[in-house]
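Take a look at the structure below.
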Amino acid sequence: MALAAAAVAAAAVVDGARRHDDPAPATTAEDALSGDAAVALAALGARGELVLYDESCSVQRVALPSLRRRTVTDCRIRGVESPDGTLVARCVDGRVEVQLTATGEVQHLPGCAPAWRPDDTLTLAHRDEVVTFRPCGAHNPCAETLIGRAQLERAARRHPTVPDRPARFRTLVDGVAWLSDTRAAVSMSIRLGGRLDGLGPLGAIAFFQSGRLEPATPYFRPTGGRLASSPRGSYVTQTPDVILRPDGSPLSLPQHLRGARDFAWSPDERLLALATPSAVEVVDMVSLERYDRTGGGLRSVTLPHSAARLTWR
């Protein structure tokens, strides 16, 4: 007992000396915000890791809910990653670069708007259709049509501004999000000719099953950014402010969340992270559905970080 008491007394002396001679750094406002956010994230049940990308090779990996950060350098091409993480694809100068993440080896394919089906099949927009490429010879892959031009034009004709018989008419695929191996949301630009040419491109998001247009009314908007689906295919997002349910109906976002640079979902889809111009917001999806119905009750956490792109792992 005497030895234990002496040890406690010695520890107290050392601790007192440390507090006097080597004080801890002052807590900054950012530290305080991070601490509050970590507590709030724990209350939401946030788990995993947010990966924040800027415009350079610097990548921040943020553990949840603690918000412990580490910065790494990653200069691989930025684009859409395959579900198994082995490949990443992006559109450059009208063609798609596909990089093997392990080696950096790059393959080029014709087309743009790369997207991955859950089964790791890469799809592209090529000649106004959604296609995938299959090996069919010694050098040149062959395109297999998944969503044809006629079905895309059917979707475009549902736009209220498109006349029944437009003189000239073209539908361009801007993005594809696969909700399953057979169901996809397609973001398109509708280009009208003749006297309507001055309207500029009309935007729409339509849903397709096994290559055919679904009966649900497409979602119309003037312009849009990146299109993506949630991990289980329960939602479709498009920057800067669109979240759609599987039936195509939109979810309302509060004003301060409508300028998202990117979206990232927790693997179980319970939480959604939005990279806004000034911070990263993590939103509870049950509360967002409630907000859509009632205009209140939103549960969200503001993280004092910024990102151009982000993923949740």
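All heavy atoms count here, side chains included; hydrogens, waters and symmetry mates do not. Residue numbers count from 1 along this sequence.
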Within a strict 4.5 Å, meaning less than it, do heavy atoms of the [X] and [Y] side chains meet?
X	Y	answer
Ser189	Leu202	no
Val236	Ile243	no
Val186	Ile205	no
Cys57	Asp74	no
Val59	Val51	yes
Pro114	Leu122	yes
Asp174	Leu227	no
Leu251	Met285	yes

Would you give the length of the straight line joining atom [atom1] of [X] to atom [atom2] of [Y], rounded to the nearest 0.5 angstrom?
X	Y	atom1	atom2	result
Thr237	Leu274	OG1	CG	9.0 Å
Leu179	Phe207	CG	CZ	6.0 Å
Asp262	Thr311	CG	OG1	8.5 Å
Leu152	Arg157	CG	CZ	11.0 Å
Leu146	Thr121	CG	OG1	8.5 Å
Arg68	Arg70	CZ	CZ	11.0 Å

Do [X] and [Y] belong together in a cluster built from hydrophobic side chains that touch within less than 4.5 Å?
X	Y	value
Val301	Phe263	no
Trp178	Val173	yes
Tyr53	Val72	yes
Leu310	Leu44	yes
Leu124	Val176	no

Taking the side chain from [X] and the backbone from [Y], do they hold a donor-acceptor pair closer than 3.5 Å?
X	Y	result
Trp116	Ala177	no
Arg78	Asp54	yes
Arg258	Val242	no
Arg313	Gly48	no
Glu129	Arg149	yes
Thr145	Val131	no
Asp284	Leu271	no
Ser266	Arg270	yes
Ser300	Val283	no
Asp181	Asp119	yes

Does the pair Phe208 and Gln151 meet the rule for a side-chain contact (heavy atoms from CB on, under 4.5 Å), with working shown? CA-CA 9 Å; Phe208 298 82; Gln151 292 296 314; 4.0 Å; yes

Is it the case that [X] and [Y] place a side-chain donor and acceptor less than 3.5 Å from each other?
X	Y	value
Thr276	Glu281	no
Thr132	Glu144	no
Ser234	Glu269	yes

With Tyr235, which residues qualify under ring pair (Phe, Tyr, Trp, His ring centres under 6.0 Å), at least two apart?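 If we apply the ring pair (Phe, Tyr, Trp, His ring centres under 6.0 Å) test to Tyr235, skipping adjacent residues, the hits are Trp265.
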
With sequence neighbours excluded, what pairs up with Phe133 under the ring pair (Phe, Tyr, Trp, His ring centres under 6.0 Å) test?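 Testing Phe133 for ring pair (Phe, Tyr, Trp, His ring centres under 6.0 Å), a comparison that skips the adjacent residues, returns His126.
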
Atom of Asp292, atom of Ser252 and distance for their closest heavy-atom approach: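 Shortest heavy-atom separation between Asp292 and Ser252 comes out as OD1-N, 2.9 Å.
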
Looking only at heavy atoms, what is the nearest atom pair of Ala275 and Ala307, with distance?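 Residues Ala275 and Ala307, closest heavy atoms: CB-O, 3.7 Å.
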
Other residues, nucleotides, ligands: >12 heavy atoms within 6.0 Å of [X] [atom1]:
X	atom1	answer
Arg290	CZ	yes
Arg95	CZ	no
Arg212	CZ	no

Show me, pair by pair, the donor-acceptor contacts under 3.5 angstrom made by side chains of residues 86-94, not counting sequence neighbours?
residue	atom	partner	partner atom	Å
Thr86	OG1	Asp84	OD1	2.8
Thr86	OG1	Asp84	OD2	3.3
Arg90	NE	Glu97	OE1	3.2
Arg90	NH2	Glu97	OE1	3.3

side-chain contact (heavy atoms from CB on, under 4.5 Å) assessment of Glu153 paired with Arg170: CA-CA 8 Å; Glu153 289 178 353; Arg170 188 181 180 191; over 6 Å; no

Between Thr171 and Arg191, is the side-chain contact (heavy atoms from CB on, under 4.5 Å) condition met? List the steps. CA-CA 6 Å; Thr171 302; Arg191 310 294 176 94; over 6 Å; no

Val282 vs Leu303, test: side-chain contact (heavy atoms from CB on, under 4.5 Å). Steps then yes/no. CA-CA 8 Å; Val282 177; Leu303 310 185; 4.0 Å; yes

